[in-house]
Amino acid sequence: MSKIISVLGSTGSIGEQALDVARKSGYKIKALAAGKSIDKLEAQAREFMPETVAVFDPSAANELKNRLDDTPITVLSGSEGVCFAASQKVDIVLNAIVGIAGLKPTFAAMEAKNDIALANKETLVTAGELVNKRAEEQGIKIIPVDSEHSAIFQSLQGAPKGSLKKILLTASGGPFYGKTADELKNVTAAQALKHPNWSMGNKITIDSATLMNKGLEVIEAVHLFGVSADDIEVLVHRQSILHSAVELCDGAVIGQMGTPDMRLPIEYAITWPERGDLCCERLSLADVGTLTFARPDMETFRCLKLCINAIKAGGLKPAAANGANEEAVALFLSGKIGFTDIADLVEAAIEAQPTVEEYTLDDVFEADKNARSLVLQIINFR
């Protein structure tokens, strides 16, 4: 099927896999956007020949513009350039930007009435109520790309409205499953980056190790599926075969299984409500043999519980949790804090964020900024 798409965050793990889907399915790329990895971005631009390429970093954008001077491609810079790329009229915009940097481009895509394939979970974590309201006003669809939320979305196809009873959100458990809090104190970034099942970017891999990623996914699911946090059960599923499931009002449990390959949910988000014919590795349940499920240890991996508490409190507390985590993960990756410090810093930011019932987009960015500042202040005073 013919599709015209834009890919934001094209040089990251999800972005590269999205372009692989486009390559194999013959989709046209209208715009690309990335942070500053211009070697990859130049290669992508020359292969797919989009109308527009945007780079967050202005100096990197200038260099890319010189490199692509022999092409008709327009090169833009900064957040404004990325937002312009998101606003180009296409069948769907895939937003795979990492972090809160993806929030403004989501709104830019919505203003252009583009449907969105959302891999940037921070969009809903930090401003879910605002995003859902604007999407409804614009009449656009937000289709999840995260493997877990895609599985929930797929499992609900054909289910009568109002029949959802509970979401079963699966987690791999990360590289440190079964370890105690004392054992986690001295783990290194290199150890935390060794995910047992998935190949992902550094930030999301650390989030998986702390279970912060699962906490963010709980918040995201609340906004995507209109449920409360109490209606979501997190299950550790080490094999990463059942990507998530739903329990319906009559007790039926319906789930989506597959090999751990992000290309499947990426393609489904692009082709929905149809299905493409992308040749991913096929699942053999006989070869898998056994599927196991267990409850997560939320006392040791505190980030999950902190996120659940944040979404229950509502307002800007999820935005504070996300901002503190982004800053803390960067500090951990640079060797400036320990692994268990991440949860402590997230907790401090949540507690410091005042409870509010209503907020604006500017308030979201202010909460994010304050959370990051608090993290740095705490570290500097140690």
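Positions are given from 1, in the same order as the sequence printed here. Below, each value reflects all heavy atoms present in this structure, side chains not excepted, and no hydrogens, waters or symmetry copies.
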> Check Asp261 against Pro265 and note the closest heavy-atom contact, atom names and distance.
O-CD, 3.4 Å
> What I'd like to find out is whether the side chain of Asn325 reaches to under 4.5 Å of the side chain of Ile342, using heavy atoms alone.
yes
> Could you tell me whether Asp230 and Lys312 make a salt bridge, using a distance below 4.0 angstrom between a side-chain N and a carboxylate O?
yes
> Under the salt bridge (Lys or Arg N to Asp or Glu O under 4.0 Å) criterion, do Asp344 and Arg302 qualify, and how do the steps go?
CA-CA 9 Å; Asp344 293 337; Arg302 295 169 48 236; 2.9 Å; yes
> Step through the shown structure and confirm whether more than 12 heavy atoms of other residues, nucleotides or ligands are within 6.0 Å of NZ on Lys133.
no
> Could you check whether any side-chain heavy atom of Lys214 comes within less than 4.5 Å of a side-chain heavy atom of Pro296, counting everything from C-beta outward?
no
> Would Glu80 and Lys104 count as a salt bridge (Lys or Arg N to Asp or Glu O under 4.0 Å) if you check the C-alpha gap in whole Å, the side-chain angles of each, and the deciding distance to 0.1 Å?
CA-CA 9 Å; Glu80 297 81 5; Lys104 284 184 178 179; over 6 Å; no
> Parallel, tilted or perpendicular: which describes the rings of Phe176 and Phe339, with under 30° parallel and over 60° perpendicular?
perpendicular
> Does a sphere of radius 6.0 Å around CD in Glu358 hold more than 12 heavy atoms from other residues, nucleotides or ligands, not counting ones at 6.0 Å or beyond?
no
> According to salt bridge (charged side-chain N to carboxylate O under 4.0 Å, His left out), who are the partners of Lys317, at least two apart in sequence or on a separate chain?
none
> At what distance, to the nearest 0.5 angstrom, does CG of Leu211 lie from CD of Glu217?
10.0 Å
> Where do Gly9 and Ile97 come nearest, in terms of heavy atoms and distance?
N-CG1, 3.7 Å
> Could you check whether any side-chain heavy atom of Ile29 comes within less than 4.5 Å of a side-chain heavy atom of Ile5, counting everything from C-beta outward?
yes
> Closest heavy-atom contact between Ser172 and Ser208?
OG-OG, 3.9 Å
> So, are Asp91 and Lys30 salt-bridged, with charged N and O less than 4.0 Å apart?
no
> Quick one: are Glu327 and Ile379 in side-chain contact, heavy atoms under 4.5 Å?
no
> Identify whether Phe84 and Ile140 are in the same connected component of the hydrophobic contact network (ILVMFWY, side-chain heavy atoms under 4.5 Å).
no
> Minimum heavy-atom separation for Val55 to Ala61, with atom names?
CB-CB, 3.8 Å
> Please determine, by modelled atom types, if Glu136 and Asn132 share a side-chain donor-acceptor pair under 3.5 angstrom.
no
> Would Lys121 and Asn213 count as having a side-chain donor-acceptor pair, cut-off 3.5 Å?
yes
> Leu8 and Leu32: same hydrophobic cluster, using ILVMFWY side-chain contacts below 4.5 Å?
no
> Using every non-hydrogen atom in the two residues, find where Ala117 and Ala269 come nearest and quote the distance to one decimal.
CB-CB, 3.8 Å
> Could you pull out all residues at least two apart from Ala252 that satisfy side-chain contact (heavy atoms from CB on, under 4.5 Å)?
Asp250
> Please determine, by modelled atom types, if Gln44 and Ser10 share a side-chain donor-acceptor pair under 3.5 angstrom.
yes
> How about His223 and Val131: do any of their side-chain heavy atoms sit closer than 4.5 Å?
no
> Between OG of Ser87 and CD of Glu111, what distance do you get to the nearest 0.5 Å?
10.0 Å
> Within the 3.5 Å criterion, strictly below it, is a donor on Ser59 or Glu63 matched to an acceptor on the partner's side chain?
no
> Using the rule side chain to side chain donor-acceptor pair (under 3.5 Å), only one of Gln239, Arg238, His237 pairs with Thr292; which is it?
Gln239
> Begin from the C-alpha positions of Lys40 and Glu16 and carry the test salt bridge (Lys or Arg N to Asp or Glu O under 4.0 Å) through to its verdict.
CA-CA 9 Å; Lys40 282 185 181 180; Glu16 288 189 296; 3.5 Å; yes
> Just wondering, do Ile254 and Leu248 contact through their side chains at under 4.5 Å, heavy atoms?
yes
> Going by the side-chain hydrogen bond (donor to acceptor under 3.5 Å, both in side chains) test, which pairs reach into residues 159-171, not counting sequence neighbours?
Lys166-Glu233
> Please step through side chain to side chain contact (heavy atoms under 4.5 Å, CB included) for the pair Arg275 and Gln154, ending with a clear verdict.
CA-CA 11 Å; Arg275 285 188 177 269; Gln154 292 181 60; 2.7 Å; yes
> Should the heavy atoms of other residues, nucleotides or ligands under 6.0 Å from NZ of Lys203 be counted, would the total exceed 12?
yes
> Is any side-chain heavy atom of Leu345 closer than 4.5 Å to one of Ile378?
yes
> Kindly indicate, with the supporting measurements, whether the criterion salt bridge (Lys or Arg N to Asp or Glu O under 4.0 Å) is fulfilled by Arg46 and Asp70.
CA-CA 10 Å; Arg46 290 189 179 280; Asp70 61 324; 3.0 Å; yes
> Should Leu118 and His149 count as side-chain neighbours, where that means a heavy-atom distance under 4.5 Å?
no
> Could you walk me through whether Asp363 and Thr360 pass side-chain hydrogen bond (donor to acceptor under 3.5 Å, both in side chains), step by step?
CA-CA 5 Å; Asp363 294 331; Thr360 66; 3.1 Å; yes
> So, Asp231 versus Ser228: side-chain donor-acceptor pair below 3.5 Å or not?
yes
> Minimum heavy-atom separation for Thr355 and Ala313, please, with both atom names.
CG2-O, 4.5 Å
